[in-house]
2 protein chains.
Amino acid sequence: MTIEEGFGLILKKYRNQSGLSQEALAFKSGLDRTYISLLERGKRKPTINTIFSIAIILNERPSKLIKELEDLLDAV
Amino acid sequence: MTIEEGFGLILKKYRNQSGLSQEALAFKSGLDRTYISLLERGKRKPTINTIFSIAIILNERPSKLIKELEDLLDAV
DNA sequence: TTGTGACTAAAAGTCCGTG
DNA sequence: TCACGGACTTTTAGTCACA
């Protein structure tokens, strides 16, 4: 699994937990609906700013998402 | 302070702690020396992959760097 | 040893749409 | 509600010569 694929899985998980649609998350974070879709499918590598923007909207600490990503990648 | 400026400070701190020059870090991480310089001065927003690459060379967990960045930004 | 300007190639990110 | 695609603009990735 690549870093971006792992990030996509984690993003999707937290977004679903928050009850937000891709479109709602996109709107709140100032990103594009199709870009959220690309991220969740592991087709894009977010910049550090994008990671922070999304994490904040999801009410999570960026480091928590990254920690979970590390664990996911280590687990393979 | 912007996210990328904060990241630059943290990168520089850890690089200095490791005793590596920008050039040495660049060589080990397969990046360009001037790109490391750009990152440390907050002139670039690294992608998630770049963050992971650099953290690994510095023998740190990416989440630790991000955690420190959060604290730095919160502290302001 | 590092900062910087100038640059090209590549990827981030947007906006239109469809099924 | 989402995956997916084409076409697009903006920004980062990555390199070089020079100070």
> In chain order, what residues pass the side-chain contact (heavy atoms from CB on, under 4.5 Å) check against A:E4, with sequence neighbours excluded?
A:T2, A:K45, B:N49
> Could you tell me how far apart A:L38 (CG) and D:dG6 (P) are, to the nearest whole angstrom?
13 Å
> Give me the bend of the helix from C:dT2-D:dA19 to C:dG19-D:dC2, using the axes of the five pairs at each end, rounded to 10°.
40°
> Looking at residues at least two apart in the chain, or sitting in another chain, which of them share a side-chain hydrogen bond (donor to acceptor under 3.5 Å, both in side chains) with B:S37?
B:R41
> With the side chain counted from C-beta on, respond yes when B:L58 and B:I54 share a heavy-atom pair under 4.5 Å apart, and no when they do not.
yes
> Are B:L69 and B:M1 connected in a single hydrophobic cluster, I mean Ile/Leu/Val/Met/Phe/Trp/Tyr linked by side-chain heavy atoms less than 4.5 Å apart?
yes
> Quick test: give all pairs of protein nitrogen or oxygen and nucleotides 17-19 of chain C nitrogen or oxygen below 3.5 Å, distance rounded to 0.1 Å.
| from | atom 1 | to | atom 2 | distance (Å) |
| --- | --- | --- | --- | --- |
| C:dG17 | O6 | A:R33 | NH1 | 3.2 |
| C:dG17 | O6 | A:R33 | NH2 | 3.0 |

> Round to a whole Å and report the spacing from CD of B:E40 to P of C:dT2.
7 Å
> For a quick check of understanding: with a heavy-atom distance under 4.0 Å over all strands, which category does A:G30 fall into, base, sugar-phosphate or nothing?
sugar-phosphate
> If you take all heavy atoms of B:I48 and A:F7, which pair is closest and at what distance?
CD1-CD1, 3.7 Å
> So, is B:Y35 near the phosphate of D:dA13, with a side-chain N or O under 4.0 Å from OP1 or OP2?
yes
> State which residues pass side-chain hydrogen bond (donor to acceptor under 3.5 Å, both in side chains) with B:S29; sequence neighbours excluded, sorted by chain then number.
none
> Counting only side-chain nitrogens and oxygens, does B:S37 get under 4.0 Å of the OP1 or OP2 atom of C:dG3?
yes
> Kindly state which residues belonging to residues 43-64 of chain A come within less than 4.0 angstrom of DNA chain C, counting heavy atoms of the residue only, listed by number.
A:R44, A:K45, A:P46, A:T47, A:T50
> How many whole angstroms separate atom CG of A:D32 from atom C1' of D:dA3?
14 Å
> Using the side-chain contact (heavy atoms from CB on, under 4.5 Å) criterion, which residues pair with A:D32? Sequence neighbours excluded.
A:T34, A:Y35
> B:I36 has an atom CD1; how far is it from atom C1' of D:dT12, in whole Å?
14 Å
> Report the residues that fulfil side-chain contact (heavy atoms from CB on, under 4.5 Å) with B:I56, sequence neighbours left out, ordered by chain and then residue number.
none
> D:dT1 P sits how many Å from A:L20 CG, rounded?
11 Å
> A:E23 has an atom CD; how far is it from atom C1' of C:dT14, in whole Å?
14 Å
> Give me each pair satisfying salt bridge (Lys or Arg N to Asp or Glu O under 4.0 Å) with a member in residues 7-31 of chain B, each pair once, sequence neighbours excluded.
B:K13-B:E68, B:R15-B:E40
> What pairs meet the side-chain hydrogen bond (donor to acceptor under 3.5 Å, both in side chains) rule with one or both residues in residues 51-60 of chain A, with sequence neighbours excluded?
A:E60-A:K64
> Expressed as a whole number of angstroms, how long is the span from B:R41:CZ to C:dT1:P?
17 Å
> Rounded to the nearest 0.5 Å, what's the gap from OG1 on B:T50 to CG on B:L39? Could you check?
7.0 Å
> Could you check how far CG of B:L39 sits from P of D:dT11, rounded to whole Å?
17 Å
